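Small disclaimer: the values here were computed from a predicted structure and weren't measured. We number each residue from 1, following the sequence as shown.
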Amino acid sequence: MIETAVIRDARPSDATDIAKVHVASWRSTYPGLVPAAYLVNLSEAAAAMRWHNAVQARGPGRGALVAVDGDDRVQGFATFGARRVPVDGFDGEFYAIYLNDEAKGQGTGRRLMAIMAERFLEAGIRSAAVWCLRDNPSRWFYERLGGIRIAERPIRFAGAELIEIAYGWRDLAPLARLSTGPEMR
């Protein structure tokens, strides 16, 4: 168990640590869901390059957050912005949220989601959705936070046919109210 994480805006200097969390989380969450060769070939170095650029893309209703421990080590991250996949009635999209295994179950994911919801509301975005694999064992997290299953679609990923589902929040205010814990810095 780690101490309660502090949530802050991601910085380009966090890219390597974000990549480590991203690769480790995929490898622990998706075995049996995505092709094993894809998971084996994930590269922290390649991911770090992508994340270095991605964390700089911010503005009203768009950004990247990290959850850090007392030593400022990244334990999780989340990204959000304008919807990429059209779903009627939903303007924002939670793009990604990943935590180290030891950071799960401590409220960090809930706080990341709540802060993203706050940022959406500050930008005038009142509704948002998230896409995840239908068979993702962590998808129940979204239901516990009030997300309603709103759509389903087939996708082709790494040579496999998969099903994605979307959860949505038509009103982000209740989700934003879940943001309790150490202040952002």
Side-chain angles (χ1 to χ4, degrees), residues 1-31 38-82 84 92-123 125 128 130-132 136-142 144-147 169 172-185:
M1 183 166 154
I2 63 169
E3 69 274 7
T4 302
V6 172
I7 310 296
R8 64 169 170 76
D9 287 311
R11 306 173 186 137
S13 60
D14 295 320
T16 298
D17 291 335
I18 291 170
K20 288 178 184 175
V21 171
H22 193 184
V23 168
S25 184
W26 268 69
R27 287 180 176 157
S28 70
T29 303
Y30 297 127
Y38 180 84
L39 297 175
V40 168
N41 291 315
L42 287 172
S43 163
E44 288 180 7
M49 289 174 49
R50 286 190 308 274
W51 284 113
H52 184 269
N53 294 327
V55 300
Q56 296 179 72
R58 63 179 61 166
R62 179 180 179 163
L65 304 170
V66 290
V68 297
D69 64 16
D71 294 322
D72 208 39
R73 288 183 305 239
V74 174
Q75 300 298 316
F77 70 93
T79 60
F80 60 101
R84 297 175 292 190
E93 185 176 335
F94 300 106
Y95 298 147
I97 180 167
Y98 292 101
L99 301 173
N100 279 333
D101 286 346
E102 59 272 7
K104 293 178 181 176
Q106 298 177 46
T108 303
R110 174 188 46 81
R111 289 178 41 238
L112 284 165
M113 289 290 291
I115 292 168
M116 288 189 290
E118 286 177 350
R119 296 283 180 90
F120 277 138
L121 291 170
E122 289 166 3
I125 297 168
V130 63
W131 287 92
C132 67
N136 181 339
S138 299
R139 73 183 175 100
W140 307 108
F141 165 76
Y142 301 119
R144 287 193 304 273
L145 293 179
W169 291 260
L172 290 169
L175 180 58
R177 286 193 290 271
L178 299 176
S179 176
T180 60
E183 295 297 315
M184 285 193 50
R185 55 178 170 153

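The CD1 atom of Ile125 sits 8.5 Å away from atom CG of Leu172, with the distance rounded to the nearest 0.5 Å. If you take CG on Asn100 and CD on Gln75, they are separated by 5.0 Å, rounding to the nearest 0.5 Å. Here the straight-line distance linking atom CD1 of Ile7 with atom CG of Leu112 works out to 4.0 Å at 0.5 Å rounding. If you take CD1 on Ile97 and CZ on Arg110, they are separated by 11.0 Å, rounding to the nearest 0.5 Å. Annotation: the span from Ser43 atom OG to Arg50 atom CZ amounts to 7.5 Å, rounded to 0.5 Å. Considering CE of Met116 and OG1 of Thr79, their distance stands at 7.5 Å, rounded to 0.5 Å.
Under a 3.5 Å cut-off, the side chain of Tyr95 and the backbone N or O of Ala82 do form a donor-acceptor pair. At least one donor-acceptor pair under 3.5 Å links the side chain of Asp69 to the backbone N or O of Arg73. Of the possible polar contacts, none joining the Asp17 side chain to the Asp14 backbone as a donor-acceptor pair under 3.5 Å is found.
Under the 4.5 Å side-chain criterion, counting only non-hydrogen atoms from C-beta, Met113 is not in contact with Leu178. Counting only heavy atoms from C-beta outward, the side chains of Arg119 and Asp9 approach each other to under 4.5 Å. Between Asp72 and Arg8 there is a side-chain heavy-atom pair separated by less than 4.5 Å.
Inspection of the Trp26 and Tyr38 side chains reveals no N or O donor paired with an N or O acceptor under 3.5 Å.
Checked against side-chain contact (heavy atoms from CB on, under 4.5 Å), Ala24 has no partners two or more places apart in sequence or in another chain.
When all heavy atoms of Ala123 and Gly61 are compared, the pair lying nearest together is CB-N, 3.3 Å. Here the closest heavy-atom approach between residue Val74 and residue Val21 is recorded as O-CG2, 3.6 Å. What you find for His22 and Trp51 is that their closest heavy atoms are ND1-NE1, 3.0 Å. Considering every non-hydrogen atom in both Ala5 and Thr108, the closest pair reads CB-OG1, 4.0 Å. Taking all atoms of both residues into account, the shortest heavy-atom contact from Val6 to Arg111 is CA-NH2, 4.2 Å. Across every non-hydrogen atom of Val55 and Ala64, the tightest pair is CG1-CB, 4.1 Å.
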Intermediate values then yes/no, ring pair (Phe, Tyr, Trp, His ring centres under 6.0 Å), Phe94 and Trp169: CA-CA 11 Å; Phe94 300 106; Trp169 291 260; 5.4 Å; yes
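Taking a cutoff of 4.0 Å between a charged side-chain nitrogen and a carboxylate oxygen, Asp101 and Lys104 qualify as a salt bridge.
A tilted orientation is assigned to the rings of Tyr98 and Phe77, their planes being inclined by 30° to 60°.
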